[in-house]
Every structure is written in C-alpha cells, then in structure tokens.
Amino acid sequence: HDGAPDILVPDVLVIESLPPAAQAELERRHATHRFTSLKALHAVAEGIRAVVTGGGTGLDPAIMGALPGLRLIAVNGVGTDRIDLVEAERRGIAVSTTRGLLDADVADLAMGLMLDVMRGISANDRFVRAGEWLKGGPPLGDAITGKKLGIVGLGAIGEGIARRGAAFGMRIAYHTRREKPGSSYTYYSDIVALAHWCDVLVLALPGGPATSGLVNRAVIDAIGPQGYLVNVARGSVVDEPELVDALKNGRLGGAGLDVFAHEPQVPEALLGLENVVLQAHRGSATKEVRAAMAAHVIAALDGLAGS
Ligand code: 8YV
C-alpha cells in the first residue's frame with residue numbers, strides 16, 4: 001500500500017441522476033450524497049471517493065478540488081468534454097465512461113431527426129392537430145433516398161449514422177481531422193467543402209475546446225437554404241447565434257437539434273420555427289440504454305469499493 005486509505009464502501013456524490021431502479025440499487029450498495037451546494041458538500045467531502053456525473057453535465061473543477069479523497073469520476077455517458085481530464089489525471093482520479101453502450105441509440109435519433117426535419121413529420125403532426133388539414137394540404141417535404149449525407153465525426157456514433165443513411169439510399173461523405181484509414185466513405189478534409197456537397201450535415205463529433213464553434217457561419221451558409229443541419233453531438237460545436245439567425249432568415253433550410261449551448265435553455269427564436277425539430281438531449285435516453293449505462297456506472301463504483 002502507498003498509504004492511500006483502504007476504500008471499502010466509497011461515499012458517492014451523485015450529480016447525474018440514474019434511472020430510479022438504478023438509483024435505488026446504487027443507494028443499496030453505496031452511501032450516496034446529492035450535490036446541492038459546495039457549502040453542503042464540505043460537510044461530507046472527506047468521505048467522498050467517487051462522483052457520478054453525466055456526459056452533458058460534466059464536473060465543475062471546484063467540486064473536484066473540494067473532494068480530497070476523490071478517486072473515481074464515473075460518467076453516465078461518453079462525453080468528457082466538461083471534465084478537466086488533465087486535472088483529474090494530476091490528482092490520480094480515474095474517469096470511466098459508458099463507451100460503446102449508447103452508439104446505436106444516438107445514431108437512431110440522428111436518423112430520426114433527419115427524417116423528421118426533412119419530411120416535416122413533427123410539423124405535420126402539429127398541422128393535423130391544429131385542424132389545418134381541413135383547410136388544405138401541408139407543404140411538401142424533402143426526400144431522404146438518394147440525398148447526400150455529410151457526417152462530421154466518424155467514431156462509433158458517426159459510423160452508425162453512416163450505416164443508417166446508406167440503408168436509406170443516401171450517399172455518404174465525412175469530415176474528421178484525419179482521414180479514417182480503410183473507410184469506404186468519401187473524405188473531406190475541409191468541413192466547408194463537405195457542407196457545400198451535402199444535402200444534410202450531421203454532427204457526431206466530441207465537444208470541447210478543439211471543436212467549439214466549428215460549425216460557424218461559413219459552414220452554415222455552405223449547407224444553404226435547401227440544406228439541413230442535425231446535431232446529436234454538443235451544442236458547443238455550433239455557433240448557436242449564427243444558427244438561429246440562419247434559420248430565422250431562411251439561409252438554412254432546417255435543423256434537427258438534440259443539443260444546445262446552454263441546456264436546458266433553448267433559444268427562444270427556435271421555438272416557433274416550423275423547419276426546426278427540437279429534442280431535450282435524448283440521444284441515449286432509452287430505457288434499455290440508460291439501464292445498461294447505469295449498470296456500467298455502478299460496476300465502476302463497485303470496482304472502486306473493491307480496490
Ligand atoms: C448523456 C451524452 O450520457 O453520453 C453523453 O455524453 O451526452 C448523453 O448521452 C446523458 O445526457 C446522461 O448524462
């Protein structure tokens with residue numbers, strides 16, 4: 001032993017809620033505390049060995065600093081863009097994620113957002129419910145089959161989106177910092193060139209400083225008034241004021257958005273737009289995947305207890 005405390009049953013600070021059954025299981029196995037304020041945290045800080053946070057929620061560096069015995073950050077997600085990984089490593093804090101568990105469901109939602117915004121499914125639902133059909137037919141949508149799908153980020157989620165798009169008869173191209181060896185899809189080293197080429201641009205890349213604001217006005221204008229943007233990545237990847245302005249002024253054909261710069265706040269100007277589909281960060285939000293993610297989080301905590 002290096003003199004580190006024996007970690008028998010780690011106290012756990014829960015920042016990201018797990019599904020109720022998983023939360024009950026977590027509380028059965030470990031002493032858990034909910035984060036309410038740094039002041040309240042200080043009362044239990046000494047005993048906290050682990051934190052459960054979310055992919056979208058992150059972990060405030062001040063909290064990391066307030067927990068001298070922290071040994072594990074268990075992310076209920078795959079995005080670590082809001083966790084200071086350098087600081088965690090410096091402090092000897094392990095970071096676990098639910099990598100590999102949510103790829104298919106996020107890719108499914110991306111496909112759903114494409115279908116919805118291009119065919120106007122949600123807009124048409126509102127149209128029928130409002131009795132507008134009695135007065136005449138709704139506007140035509142855009143076909144999916146045969147269209148050009150541009151994907152930014154070709155990790156497991158991006159690959160899943162590409163497979164789904166190909167199954168819908170779409171042509172596929174992608175942009176990443178480096179070309180993916182062996183990929184059968186067309187590579188664009190320049191995101192603006194990909195945006196010019198495609199009919200719909202889907203964002204499936206990590207958040208964080210390296211990608212912040214990557215989808216700027218030039219990219220949005222390259223997609224253009226007949227094109228669509230779908231974002232299942234992070235709100236930070238898009239220049240959100242530019243996106244709102246382009247949607248309001250018809251410089252972008254439409255958007256399917258699952259993530260936003262300041263969740264759960266969504267720009268007011270988007271709420272009334274018929275060519276925008278809005279989701280509350282639902283990428284991994286299925287019963288099956290969230291149960292699997294929670295089981296993974298609890299296993300990581302159990303592993304700490306046994307260490
Ligand atoms: C979160 C996400 O897991 O995985 C991620 O990084 O953004 C989401 O799937 C979810 O919001 C729970 O924190």
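Computed from a predicted model, the values in this text were never measured in an experiment. Just follow the structure's listing: the first ligand is 1, and inside any ligand the first atom is 1.
Classification of Asp245 and Arg251 as a salt-bridged pair holds, one side-chain N sitting under 4.0 Å from a carboxylate O. Salt bridge annotation for Arg164-Asp108: present, with a cationic side-chain nitrogen under 4.0 angstrom from a carboxylate oxygen.
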Distances under 3.5 Å, N/O of ligand 1 against N/O of the protein: list each pair and its distance.
residue	atom	partner	partner atom	Å
ligand 1	3 (O)	Asn76	O	2.7
ligand 1	4 (O)	Val78	N	2.8
ligand 1	6 (O)	Val78	N	3.3
ligand 1	6 (O)	Gly79	N	2.8
ligand 1	6 (O)	Arg234	NH2	2.8
ligand 1	7 (O)	Arg234	NH1	2.9
ligand 1	7 (O)	Arg234	NH2	3.3
ligand 1	7 (O)	His281	NE2	2.7
ligand 1	9 (O)	Ser284	OG	2.7
ligand 1	13 (O)	Glu16	OE2	2.7
ligand 1	13 (O)	Gly55	N	3.3
ligand 1	13 (O)	Asn76	O	3.3

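The number of heavy atoms from other shown groups lying within 6.0 Å of CG (Leu271) is above 12.
Thr32 is not listed as a side-chain neighbour of Asp11, based on a closest heavy-atom distance of 4.5 Å or more.
Within the structure, the salt bridge (Lys or Arg N to Asp or Glu O under 4.0 Å) test picks out no pair touching residues 253-264 (sequence neighbours left out).
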Given the rule in the ring pair (Phe, Tyr, Trp, His ring centres under 6.0 Å) test, do Tyr187 and Tyr174 qualify, once you have shown the distances and angles that lead to the verdict?
CA-CA 5 Å; Tyr187 175 63; Tyr174 73 100; 5.2 Å; yes
